[in-house]
K.L.:
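I'd like to ask you about the structure that follows.
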Amino acid sequence: MTFDRSVKIAPSILASDFANFGAEIQAVETQGADWIHVDVMDGHFVPNISFGPATCAAIRPHIKTVMDVHLMIAPVDPYIDAFAEAGADIITAHVEAGPHIHRTLQAIRASGAKAGLALNPGTPAEAAAPLLDLVDLICVMTVNPGFGGQKFIHSCVQKVTELREMIGDREVHIEIDGGVDPSNAPLVVAAGADVLVAGSAVFKGGSVDNPAPYGDNIRAIRAVV
Ligand code: DX5
Ligand code: ZN
């Protein structure tokens, strides 16, 4: 993976057909997705369960772009190697997931993956300050994690501005996750974000048999940023 700050759209397969991940991934990549965002939920850190490393390994061969794995699990450390072996390019852990996030980020990099740090809406930008040299991506949650299709929380945009300032020249992506659509995408990009996760806003109206709406939806976001 080479680093750049161009805007990247990362559809979340949480909003796709769970019986058809391979075909859904191929469809959104053909329609212009830059990365594929993979939401892992454990029913403990967040109140919902999605899937784990075995599913990640199964979908990996279908991803031609970047496999961006967002771990909404606690604990994280016992599972890092399993997600790295499943082929994750980026593994993101939550700062709120445990007391030893510094160790977790070191372990992610040691696994060979890029390290991401996610901040819940209730967590201030300062929580990332001691960790900036250990991360390749900061994920600013703009909903409380656990479910797709929630409303974007506007008060999180200020955090993006603060993080962009804190990051300076470091090669660290700022990713926005939750409720992203064409109405709010320009705000977060102007504040300094370069990766836009979008579940509902990309997958709405389409299917593997009718993928054109995926392309329309991706272009609708790209057109406004
Ligand atoms: C929320 C997940 C998000 C979510 C995005 O817990 O981390 O990635 O699925 O979906 P939308 O775009 O529908 O909010
Ligand atoms: Zn996510």
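Atoms within each ligand, like the ligands themselves, are counted from 1 in listed order. Because the structure is a prediction, the values reported are computed rather than measured. Along the sequence shown, residues carry numbers from 1.
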K.L.:
Considering non-hydrogen atoms of the protein only, which is the closest contact for atom 14 (O) of ligand 1, and what is the distance?
P.N.:
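Result: Gly179 N, 2.8 Å.
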
K.L.:
Does Asp177, backbone or side chain, put an N or O under 3.5 Å from an N or O of ligand 1?
P.N.:
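Between Asp177 and ligand 1, an N or O pair is found under 3.5 Å apart.
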
K.L.:
A side-chain contact here means heavy atoms from C-beta on lying under 4.5 Å apart; do Asn217 and Ile221 qualify?
P.N.:
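Sidechains of Ile221 and Asn217: no contact.
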
K.L.:
If I consider every N, O or S atom in His70, which one ends up closest to the Zn ion (ligand 2)? I only need its name.
P.N.:
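When I compare the N, O and S atoms of His70, ND1 is nearest to the Zn ion (ligand 2).
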
K.L.:
Quick check on contacts: which atoms of ligand 1 are under 4.0 angstrom from a heavy atom of Ser200?
P.N.:
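Numbered from 1, ligand 1 contributes 11 (P), 12 (O), 13 (O).
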
K.L.:
Can you name the atoms of ligand 1, numbered from 1 with element, that are less than 4.0 Å from a heavy atom of Ala198?
P.N.:
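Going through ligand 1 atom by atom, the ones under 4.0 Å from Ala198 are 12 (O).
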
K.L.:
Does Thr142 reach the side chain of Asn184, with side-chain heavy atoms less than 4.5 Å apart?
P.N.:
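A side-chain contact is absent here, since even the closest heavy-atom pair is not under 4.5 Å.
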
K.L.:
Are any of the N/O atoms on Gly199, whether in the backbone or the side chain, positioned under 3.5 angstrom from an N/O atom of ligand 1?
P.N.:
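Looking only at distances, the answer is yes, because the N/O contact criterion of under 3.5 Å is met.
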
K.L.:
Considering only non-hydrogen protein atoms, determine which one is nearest to atom 1 (C) of ligand 1 and report residue, atom name and distance to 0.1 Å.
P.N.:
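Of the protein heavy atoms, Phe147 O, 3.6 Å lies nearest.
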
K.L.:
For ligand 1, which is the ligand I care about here, please tell me if Asp39 has any N or O atom under 3.5 Å from one of the ligand's N or O atoms.
P.N.:
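Yes.
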
K.L.:
Kindly indicate whether the side chain of Val208, heavy atoms from C-beta on, has any atom under 4.5 Å from the side chain of Asp17.
P.N.:
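Answer no - side chains too far apart.
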
K.L.:
Counting C-beta onward and ignoring hydrogens, is there a side-chain heavy-atom pair between Met41 and Met72 closer than 4.5 Å?
P.N.:
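With C-beta onward as the side chain, the pair touches.
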
K.L.:
Suppose I only count heavy atoms of Gly178 and a 4.0 Å limit; which atoms of ligand 1 are within that range?
P.N.:
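Those of ligand 1 that fall under 4.0 Å from Gly178 are 14 (O).
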
K.L.:
Pick out which of Ile25, Ile59, Ile91, Asp68 makes a side-chain contact (heavy atoms from CB on, under 4.5 Å) with Val38.
P.N.:
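Running side-chain contact (heavy atoms from CB on, under 4.5 Å) over Ile25, Ile59, Ile91, Asp68 with Val38 returns exactly one hit, Ile59.
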
K.L.:
For ligand 1, which atoms sit closer than 4.0 Å to a heavy atom of Val197?
P.N.:
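Within the 4.0 Å cut-off of Val197, ligand 1 contributes 8 (O).
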
K.L.:
Check Asp89 with Arg60, please: is the shortest side-chain N to carboxylate O separation under 4.0 Å?
P.N.:
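Judged by the 4.0 Å cut-off on N to carboxylate O distance, Arg60 and Asp89 do form a salt bridge.
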
K.L.:
Are any of the N or O atoms of Gly149 closer than 3.5 Å to those of ligand 1?
P.N.:
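Yes; at least one N/O pair falls below 3.5 Å.
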
K.L.:
Would you call the rings of Phe21 and Phe18 parallel, tilted or perpendicular, taking 30° and 60° as the class edges?
P.N.:
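Geometry flag for Phe18 against Phe21: tilted rings.
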
K.L.:
Quick one: does Gly146 get an N or O within less than 3.5 Å of an N or O on ligand 1?
P.N.:
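N/O-N/O distance under 3.5 Å: yes.
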
K.L.:
Check Asp39 and report its N/O/S atom nearest to the Zn ion (ligand 2), by atom name.
P.N.:
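So the atom name we want here is OD1.
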
K.L.:
Distance under 4.0 Å to a non-hydrogen atom of Met72: what atoms of ligand 1 satisfy this?
P.N.:
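Counting from 1, the qualifying ligand atoms are 6 (O), 7 (O).
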
K.L.:
Go through ligand 1 atom by atom and flag the ones less than 4.0 Å from a non-hydrogen atom of His37.
P.N.:
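What qualifies from ligand 1 is 8 (O).
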
K.L.:
Under a plain distance cut-off of 3.5 Å, with no hydrogens placed, do His37 and Asp39 share a side-chain donor-acceptor pair?
P.N.:
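Indeed, the side chains of Asp39 and His37 share at least one donor-acceptor pair under 3.5 Å.
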
K.L.:
Should Leu134 and Gln106 count as side-chain neighbours, where that means a heavy-atom distance under 4.5 Å?
P.N.:
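SC-SC contact between Leu134 and Gln106 confirmed.
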
K.L.:
Distance alone, cut at 3.5 Å: any donor-acceptor contact between the side chains of Ser6 and Asp4?
P.N.:
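Result is yes, a qualifying pair exists.
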
K.L.:
Classify the side-chain pair His100/Asp77 by whether it contains a donor and acceptor separated by less than 3.5 Å.
P.N.:
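Distance-only check fails for His100 and Asp77.
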
K.L.:
I need the atoms of ligand 1 closer than 4.0 Å to a non-hydrogen atom of Gly148, numbered in the order shown.
P.N.:
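Those of ligand 1 that fall under 4.0 Å from Gly148 are 9 (O), 10 (O), 13 (O).
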
K.L.:
Out of all atoms in ligand 1, which are within 4.0 Å of some heavy atom of Leu14? Include the element for each.
P.N.:
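Close to Leu14: 9 (O).
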
K.L.:
I'd like the atom name of the N/O/S atom in Asp177 lying closest to the Zn ion (ligand 2).
P.N.:
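It is OD2, the N, O or S atom of Asp177 closest to the Zn ion (ligand 2).
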
K.L.:
So, Cys139 and the Zn ion (ligand 2): N/O/S under 2.8 Å, yes or no?
P.N.:
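No, since none of the N, O or S atoms of Cys139 sits under 2.8 Å from the Zn ion (ligand 2).
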
K.L.:
So for Ala201, does at least one of its heavy atoms come nearer than 4.0 angstrom to any atom of ligand 1?
P.N.:
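Contact check Ala201 vs ligand 1: negative.
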
K.L.:
Could you tell me if Glu175 and His173 have a donor-acceptor pair between their side chains, going purely by distance under 3.5 Å?
P.N.:
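Judged by distance alone, the side chains do not pair up.
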
